[in-house]
Each structure stands twice: as structure tokens, then as C-alpha cells.
Amino acid sequence: MLTPESRAANFTNEAGIDGTVRYLRNVMGLWLLQECLRAWPGSDLGELLKAAAAERPFAAVVNPDEPAFLPPGDMPARIAAECRRTGQRPPASPAAYVRCVLESLALGHRLAVRQAMELSGRDVEVVHLVGGGSRNELLCQFTADACGLPVVAGPGEATTFGNVLVQARAAGLVSDLAEMRALVAASRPLRRYEPSGDRAAWDEAASRVF
């Protein structure tokens, strides 16, 4: 996809195995959450995620791709500043910050998926979430809800799997991409999340920051 619109939306074309091309736009990952945890020494992520699930939905959201979030440092303070800049009240507790981060990431996923569909002219039937984020159940469910699409989560070790399988392919131990996909699916259980919740509430939240 070599259109000016694709370039303006920061999409690239990444060459892959067997002449494949991945239509790619980077979206901020769990860096925001990691930096928040670094600002809260001794915090337990599992407990924070449980508490975040009980927080009020859409109390505050941010655009996770804002340049202000790229450097390391006091992430909660920068999230609070961005909330104030967009006319929202900053989160009042660590759990509320976690909820804000995860809902914001889900909205970032939604934007990227919708742009990919619009610019490519192709429909998306399912969102695959791999890597460390696939272990975060709340993020997976929020992504399904925000996108209005099923999310298939896993494997968590996606980069390692890819590396091993490409080497196996080069050594003649794997025949083609179909076999590689089948091996991944058979090696780790994949979890599916169905969209639920109020679609209009996600639309309203997105309108604050995009």
C-alpha cells in the first residue's frame, strides 16, 4: 500500500518471509503501564489489575501515541497532565491510572485497525494480540470491546516462536507458512475474547482524544 494516505497515517510496508508484506503501523504498547509501575515501588500488578477492573469505566483516557509518553520518567504525572490538557480529571489512584492506560491502549488498537481497514480496503474479522500483552486479560477484553471484534490472544512468546520457525524453515524442517501457523497453534493454547459492553461509550471516549 503505497498511497499518500498510508504515508500520512504512518503505515509502512514490512517485507516478510515468502514475499509477504505486513502493512504496519506501530501503536504504543505496555510501556505506559511499565513506567507507571516503576513510579509505584512495591506495587503488585496482579492486584492493581483486579482493582482496575472495578474502577469506573472511561473516567479518563489519553492518546497513547502522544510524544510526551515516549521518554522514561514519571508516567503518572504525564498522564495527569494530558488529562488536564484534554479537559478531563486525572485518575485519583494507581488502579484508576491502570484502567486509564488499558482503556487508552484499547482505543489506540481500535484506531489502528480502523485505519488499516479504510486504507487497505479490506475487512478485519479478528484481532490477534500476541506477546506480553496477550497475557493481560483486561487489555484483551478492552481491545475486543473497543474494536467490536473478537480478539485471539497468544502466544506470549511470539518473537521467539517466529525466530525458531524461520530457522526451522531454512533448515528444511518446516515446509511452508501453513505448517508454521499450525505448529504455533498446536504449541500454545490461544484464548478468544468476544466483544461486549456499550459501543457508544467507547465512541464517546475516543472522541475526547482522537
Side-chain angles (χ1 to χ4, degrees), residues 10 12 14 24-113 115 127-147 151-163 188 190-191 193 197 201-202 205-206 208-210:
N10 289 323
T12 60
E14 186 176 271
L24 174 68
R25 184 172 82 76
N26 287 321
V27 179
M28 180 67 74
L30 286 168
W31 166 253
L32 275 70
L33 181 56
Q34 291 168 355
E35 284 298 283
C36 283
L37 292 173
R38 212 154 63 88
W40 307 322
S43 58
D44 181 273
L45 178 58
E47 293 302 315
L48 280 173
L49 289 171
K50 290 179 185 177
E55 287 288 326
R56 181 167 69 88
F58 311 114
V61 291
V62 296
N63 179 351
D65 291 327
E66 280 292 330
F69 298 139
L70 289 174
D74 190 345
M75 190 63 71
R78 280 178 279 166
I79 290 173
E82 184 63 16
C83 288
R84 286 190 287 268
R85 188 186 72 81
T86 54
Q88 303 173 87
R89 180 175 297 177
S93 68
Y97 272 98
V98 172
R99 177 110 191 185
C100 169
V101 166
L102 296 183
E103 288 179 336
S104 299
L105 290 177
L107 288 170
H109 296 162
R110 165 179 135 143
L111 177 62
V113 168
Q115 285 181 324
V127 176
H128 289 269
L129 213 162
V130 301
S134 67
R135 299 190 184 98
N136 190 316
E137 295 181 3
L138 203 55
L139 176 60
C140 292
Q141 187 60 59
F142 284 167
T143 299
D145 297 344
C147 294
V151 165
V152 174
E157 306 83 5
T159 302
T160 302
F161 269 107
N163 191 321
R188 288 289 186 275
L190 305 180
R191 183 166 178 182
Y193 296 81
W202 285 99
R208 301 180 211 166
V209 292
F210 296 119

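Keep in mind that this is a model prediction, so the values were computed, not measured.
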Is any side-chain heavy atom of [Y] closer than 4.5 Å to one of [X]?
X    : Y    : value
Q88  : V209 : yes
T86  : N63  : no
H109 : L139 : yes
R85  : E66  : yes
E55  : S93  : yes
L102 : L30  : yes

From [X] [atom1] over to [Y] [atom2], what is the distance, rounded to the nearest 0.5 angstrom?
X    : Y    : atom1 : atom2 : answer
S104 : L33  : OG    : CG    : 11.5 Å
D65  : L111 : CG    : CG    : 8.0 Å
E103 : L138 : CD    : CG    : 8.0 Å
R99  : F142 : CZ    : CZ    : 3.5 Å
C140 : Y193 : SG    : OH    : 4.5 Å
E82  : M75  : CD    : CE    : 11.5 Å

Kindly give the heavy-atom pair with the smallest separation between [X] and [Y], and that separation in Å.
X    : Y    : result
G154 : V130 : O-CG1, 3.4 Å
P94  : W40  : O-CH2, 3.6 Å
P64  : G108 : CG-CA, 4.3 Å
V61  : A205 : CG2-O, 3.5 Å
S43  : L37  : OG-CD2, 3.6 Å
R208 : A59  : NH1-O, 3.8 Å

Answer yes or no: is there a donor N or O on one side and an acceptor on the other, between the side chain of R78 and the main chain of P71, under 3.5 Å?
->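 Yes, R78 side chain to P71 backbone: donor-acceptor pair under 3.5 Å.
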Side-chain donor/acceptor of W31 to backbone N/O of F69, under 3.5 Å = yes
Pair E157 + R135: basic N to acidic O under 4.0 Å = yes
